[in-house]
Each structure stands twice: as C-alpha cells, then as structure tokens.
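Everything on this sheet refers to the single structure shown next.
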Amino acid sequence: MADLYVDGKWREPVSGGRRDIRCPADGTLAATVSEGTRPDTEAAIAAARRAFDEGSWPGTPERERGALLLRAADIIERDAKEFARAESLDTGKRLVESEYDIADVVSCFRHYGGIGGTDAGRVIDTGRDDAVSRVVYEPIGVCGLITPWNYPLLQASWKVAPALLAGNTVVLKPSELTPSTSILLMRALQEAGLPAGAANLVLGAGPEAGAPLAESPAVDMVSFTGGLDTGRRLMATAAATVKKVALELGGKNPNVVFADADFETAVDFALTAVFLHSGQVCSAGARLIVEDSLHDAFVEEVVRRARRIRLGGPFDPQAETGALISAQHREKVEAYVATGLAEGAVLRCGGGRPADRALAAGHFYLPTVLDECRQDMRVVHEESFGPVLTVERFRDEDDAVRIANDTEFGLAGAVWTQDAGKAQRVARRLRHGTVWINDYHPYVPQAEWGGFGHSGVGRELGRTGLDEYREPKHIWQNIQPRPQRWFSG
Ligand code: NAD
C-alpha cells in the first residue's frame, strides 16, 4: 500500500522503499509501510506550501475548521478499535493503554474543534476616539510536525489539531518505529473533508524524512517531540531559516513523598508513576524522593510490589506492563542501570531481563528499583526512559525542593502530603511544567503541557498550545485621518 499522503493523494516513496514494523513484545510483523526519503518530504513541503499560499484552508472560517476537527474526532472514535490495535502492535503497549490514548486523541480533537470560532482576538483601548485597534490571530504557515514512538498518535494530535484549527498547513513525520496510527489519522482527516495539501504525511528515518522540515525555507515552524539531543540539533538547524521552533523534550521527573502522605495511595502511585508503559513516558516519575523517616518502609513496599508486576504482550489480559520499544533501547536502559550500580546505587529489584522464556522474543526489562541514589549519578540526572526508579532521601521541605529541582529538565513532578499548605508551597517552588499533588499522570487538553529548562520550548495543549501555531497581528485603524504636521514643510 502507498502510505505517504501528499497533496491529498496516497503515494509510494520516490525510492520505492518499504520498512517492516515489528511488535516489540514478540517481534511479529505488525505492518510493512512506505519508507520515505528527502525527496518525499520535499514534495510534501511543496504541497503544504501551495495549500497555504493558494488553497482554501487558511481562509476557511475558524468555526468551519473546528467543525472539520469535530468530524475527524467522530471518525477516530468510530474506528477506535482499529486505531488502538495498530498502536499496540507498533508500540507493544497494552491494548487498554492504547484505548485510553485513542480516547485522549478524540478529546484533543474535540477540545480544539469545539473552541473553533470562539476567539476573534482582542480589541485594544487606544485612549483615542479617532482610532480603533485590535489584535487578531493568523496562521503561521507551513508547520513541520515531528513525533516520537512512545505515544505516537497522542503526541501527533497535540500538534495536528491546534495547527489545523489555526489555519496552518502541516507535514507530519511520525517516528519511523510507530507510523501506523498516523496513516489512519490521515485517512480520518481525508474522510472528514480536509482539502488536499492541508495535512501531509511522510514516513521514514529522522535524518532522511524529518531533517528537511527543519532545513527548508518553505517551512515556517517546526514542532518537535522527542529526545533532547535531536531537539538541540533541530533547533540549531532551524536557526538558519529563522523559523519558529516548539520543542517537547525529555524529563527526569521527581516524585516527592513526605512522611505524612497517605502511605497506601502514595506507594500505589509511585509504581504507576514510573512503571506505566515500562517507563517510556516523558513525564515518568523516575526519581522517587522520599522523606528520611519514611524511606525504609516506603521503599520496601514499592520493591515488594514492583517484583510482582506482570510483564506481557499487548493482548495478554494478565499483563500489567509491556516491552521496551527496541533491542537498542533496552541496551540503553541496561547501560544506565550498570552505570548507576558502578556509581554506588543499591539494586533492590529488577536490574535485568525477565527469565520467563515466553518473553524471550520481546524487548522486556524487569521493573527496577535503585536505592541510595544521588543526583550526581548519571542514572538519576539523565533520562533512561525505561522501567528504572531511582530513590533519593530528603530531610525537610527545603531539602526536598532542592533535590527535586536539581535537574536540567523540568517537565513534571508530584508532591505527596496530607498537609495542604505544604503541598501548595512545594508545588509552587518546583520548577516543572506540570505538578501533581497527591496524584500522578492526569492531564486535560484544556491545560498547558510542557517543560521548564531542557524539557523544551513552548507549550502544547491549552490556550498556549493553540497560540504556538498562531501569529498575533495588530491592526490599527485611524478612523478620522488628518495631517499630523510633524514636519513643517
Ligand atoms: P527521537 O528524538 O529519537 O525521535 C523523535 C522524532 O524525531 C522521530 O520521529 C525521529 O524520526 C525524528 N528525528 C530523529 N532525528 C531527526 C533529525 N535529525 N531530523 C529530524 N527529525 C529527526 O525521540 P524518540 O526516541 O522517538 O522519543 C523519546 C523521547 O521523546 C524521550 O526523550 C521523551 O522524553 C520524549 N518525549 C517527550 C514528550 C513531552 O511531552 N515532553 C512526550 C513524549 C516523548
């Protein structure tokens, strides 16, 4: 099948290349898809450029653009089973998790679709009777959207929905490891009636199919979700053409537990914070920072339950978490654990591949707890992006905040305490884009998502997540023009 979607048509790549997508849980063939290269991305950029400069989409009333997103949401919801299955086969995540993800995709499209046409900009008080002034929002132009493999369609929806609502045209380049649901998304947008060229899809490896989006002078903005190193490279490349850049990068997120927290709930969430999707979550609570007096009991219980987490494939009803995305990624996680141990961490559980032979064909790694960690250890301050929990201790509130903020990242974090005042104080002092109090992981499309520091530039979701894709324009009108006589002649 031709899987590149360019100018409203499904195309084979110029090179004729194909790529096999294998399920990380057992290596079975999940799909075989088109593998694009530079000329395909250049064709997609040209199509998006034409659709922006000459097409109907940017000038379509925002309310109608919103209505199209609502239609797309209905189509995705109608086909949710197909979407979820494809997502699970590509990523190896449990089917139930994919079902949640697809429901969130639908919510994201509904959120942005629903606000279409509700904001006509701002009228400014000029203080003068002879002038009216307003600020309106216009699309930026052609947006290159590059997405990762851990939440393939969800991350794409956070970009595609606001970018299209704002009237941009887009070229989406999903991770080469997980392209299937992006193909389904383009079909949904096509069925919903999106004009040709408004949304285009290229598939392929980052340096081939992705890099031209940052390089091309015909692209006005690049919005990227992925790793820190790739983000840095893209930002440097984009500087040459002074395009707008939005980056959602990694995280090394603190989960701060005070001694007065509800023990049972905090233990339960400490596990989901880090072991959900085997830790392949940008906001994973991978750093457990626990008050000294609670440390021993708390860690013991976390370890006892972590040992019992059941690993398995996406369609195994017993499985509680899945495999890592690739053999290469598992090796990276293994290397991080090895450096942690070499630097003095104490292995409390996990630290290896499961012995279960039924899992041997997948890239599984045991839920791992490393105790007695310090911030100067690589496994603590770099993102392993695997099922690895590091444990640090703190003495008091100031110490907790200091340790939690001692990271180059700043994506998300949580604080657990039954003292509401302390919870609010700590939440305000944490230098992270999302802070949960007595909870972990929930988000809503109405609220901004993104990070401080090296976790990125800009925000997704919420009002700001739409503004990322809009240019504000100030229009001033003198309604009683008269000569000003600044110059005498
Ligand atoms: P990655 O950086 O390897 O790849 C991300 C995307 O960039 C892929 O589509 C890839 O093909 C593309 N790419 C790679 N090299 C490129 C290049 N030179 N030019 C253009 N595109 C290129 O990241 P990944 O391994 O797919 O994803 C994991 C990372 O994503 C983690 O660091 C995680 O924290 C981060 N992430 C962040 C968020 C967030 O909201 N902040 C959400 C999900 C994932």
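This one's a predicted model, so the numbers in the text were calculated from it and none came from an experiment.
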Heavy-atom check, side chain of [X] versus side chain of [Y], under 4.5 Å:
| X | Y | value |
| --- | --- | --- |
| V160 | F109 | yes |
| V401 | V426 | yes |
| R287 | V274 | no |
| V170 | V142 | no |
| E392 | L288 | no |
| V380 | Q375 | yes |
| P174 | L203 | yes |
| T265 | N438 | no |

| side-chain hydrogen bond (donor to acceptor under 3.5 Å, both in side chains) between R463 and Q446, intermediate numbers included | CA-CA 7 Å; R463 166 66 190 251; Q446 300 91 319; over 6 Å; no
| side-chain hydrogen bond (donor to acceptor under 3.5 Å, both in side chains) evaluation trace for K159 with T225 | CA-CA 9 Å; K159 301 182 191 302; T225 302; 2.7 Å; yes
Under 4.0 Å between a Lys/Arg side-chain N and an Asp/Glu carboxylate O for [X] and [Y]?
| X | Y | answer |
| --- | --- | --- |
| D3 | R11 | no |
| R38 | E215 | yes |
| E397 | R425 | yes |
| D7 | R50 | yes |
| D53 | R49 | yes |

Any side-chain donor near an acceptor of the partner, [X] and [Y], under 3.5 Å:
| X | Y | value |
| --- | --- | --- |
| D260 | T417 | yes |
| E248 | W158 | no |
| Y151 | D104 | no |
| H277 | T321 | no |

Supply the atom-to-atom distance [X] [atom1] to [Y] [atom2], rounded to the nearest 0.5 angstrom.
| X | Y | atom1 | atom2 | answer |
| --- | --- | --- | --- | --- |
| K81 | I102 | NZ | CD1 | 12.5 Å |
| Q155 | S175 | CD | OG | 11.5 Å |
| L69 | E64 | CG | CD | 12.5 Å |
| R85 | E99 | CZ | CD | 11.5 Å |
| L249 | S455 | CG | OG | 7.0 Å |
| N200 | Y5 | CG | OH | 8.0 Å |

| field | Check against side chain to side chain contact (heavy atoms under 4.5 Å, CB included), V132 and T126 | value | CA-CA 7 Å; V132 290; T126 63; over 6 Å; no
| request: Could you check R393 against D399 for salt bridge (Lys or Arg N to Asp or Glu O under 4.0 Å), going step by step and ending with a plain yes or no? | output: CA-CA 9 Å; R393 303 162 178 258; D399 200 29; over 6 Å; no
| message | Under the criterion side chain to side chain contact (heavy atoms under 4.5 Å, CB included), I'd like the reasoning laid out for N150 against F385: C-alpha separation, chi angles, the key distance, then a yes or no. | response | CA-CA 10 Å; N150 61 337; F385 221 50; 3.3 Å; yes
| field | F269: which of F275, Y440, W416 passes ring pair (Phe, Tyr, Trp, His ring centres under 6.0 Å) | value |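 Per the ring pair (Phe, Tyr, Trp, His ring centres under 6.0 Å) rule, the option paired with F269 is W416, out of F275, Y440, W416.
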Considering all heavy atoms of both residues, which atom of [X] and which atom of [Y] are nearest to each other, and what is their separation?
| X | Y | answer |
| --- | --- | --- |
| I75 | A192 | CD1-N, 3.7 Å |
| L153 | E87 | N-OE2, 2.9 Å |
| D40 | E12 | OD1-O, 4.4 Å |
| N253 | A284 | ND2-O, 2.8 Å |

Is it true that atom [atom1] of [X] has more than 12 heavy atoms of other residues, nucleotides or ligands lying nearer than 6.0 Å?
| X | atom1 | result |
| --- | --- | --- |
| K473 | NZ | no |
| R431 | CZ | no |
| R134 | CZ | no |
| D376 | CG | yes |
| R78 | CZ | yes |
| R122 | CZ | no |

| task | Would you kindly check if the NZ (Lys) or CZ (Arg) of K173 is within the cone defined by 45 degrees around the ring axis of F224 and under 6.0 Å from the six-membered ring centre? | result |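 No, cation not above the ring by the 6.0 Å, 45° rule.
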| Does NZ or CZ of R470 lie under 6.0 Å from the centre of the six-membered ring of Y137, at an angle within 45° of the ring axis? |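 Relative to the ring axis of Y137, which defines the angle, R470 lies inside both limits.
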| field | Derivation of the salt bridge (Lys or Arg N to Asp or Glu O under 4.0 Å) call for D74 and R110 | value | CA-CA 9 Å; D74 290 346; R110 292 219 167 109; 2.8 Å; yes
| task | Determine, stepwise, if the pair R19 / E35 fulfils salt bridge (Lys or Arg N to Asp or Glu O under 4.0 Å). | result | CA-CA 6 Å; R19 176 188 286 263; E35 174 80 351; 2.8 Å; yes
| said: Please evaluate residues L4 and K9 with respect to the criterion side chain to side chain contact (heavy atoms under 4.5 Å, CB included), reporting the C-alpha separation (whole Å), side-chain torsions for both, the decisive distance (0.1 Å), and the verdict. | reply: CA-CA 8 Å; L4 309 186; K9 294 181 199 70; over 6 Å; no
| request: Evaluate the salt bridge (Lys or Arg N to Asp or Glu O under 4.0 Å) criterion for residues E97 and R94: first the C-alpha distance (whole Å), next the side-chain angles of each, then the deciding distance (0.1 Å), finally the verdict. | output: CA-CA 5 Å; E97 287 179 42; R94 290 194 310 155; 3.4 Å; yes
| field | Test side chain to side chain contact (heavy atoms under 4.5 Å, CB included) applied to D467 and R459, step by step | value | CA-CA 9 Å; D467 286 344; R459 289 292 181 274; over 6 Å; no
| After noting the C-alpha distance and the side-chain angles of F409 and F452, does the key distance pass the ring-ring contact (aromatic ring centres under 6.0 Å, His included) rule? | CA-CA 7 Å; F409 294 110; F452 291 30; over 10 Å; no
| task | Without swapping roles, check the side chain of S278 against the backbone of G322 for a donor-acceptor pair under 3.5 Å. | result |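 At least one qualifying donor-acceptor pair exists.
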| field | Intermediate values then yes/no, side-chain hydrogen bond (donor to acceptor under 3.5 Å, both in side chains), H454 and E408 | value | CA-CA 6 Å; H454 290 184; E408 65 177 353; 2.9 Å; yes
| message | Students often mix this up, so state it plainly: with edges at 30° and 60°, are the rings of W436 and W449 parallel, tilted or perpendicular? | response |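 If you compare the ring of W436 with that of W449, the planes turn out tilted.
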| said: Would T241 and K243 count as a side-chain hydrogen bond (donor to acceptor under 3.5 Å, both in side chains) here? Give the steps. | reply: CA-CA 5 Å; T241 48; K243 55 173 62 72; 2.6 Å; yes
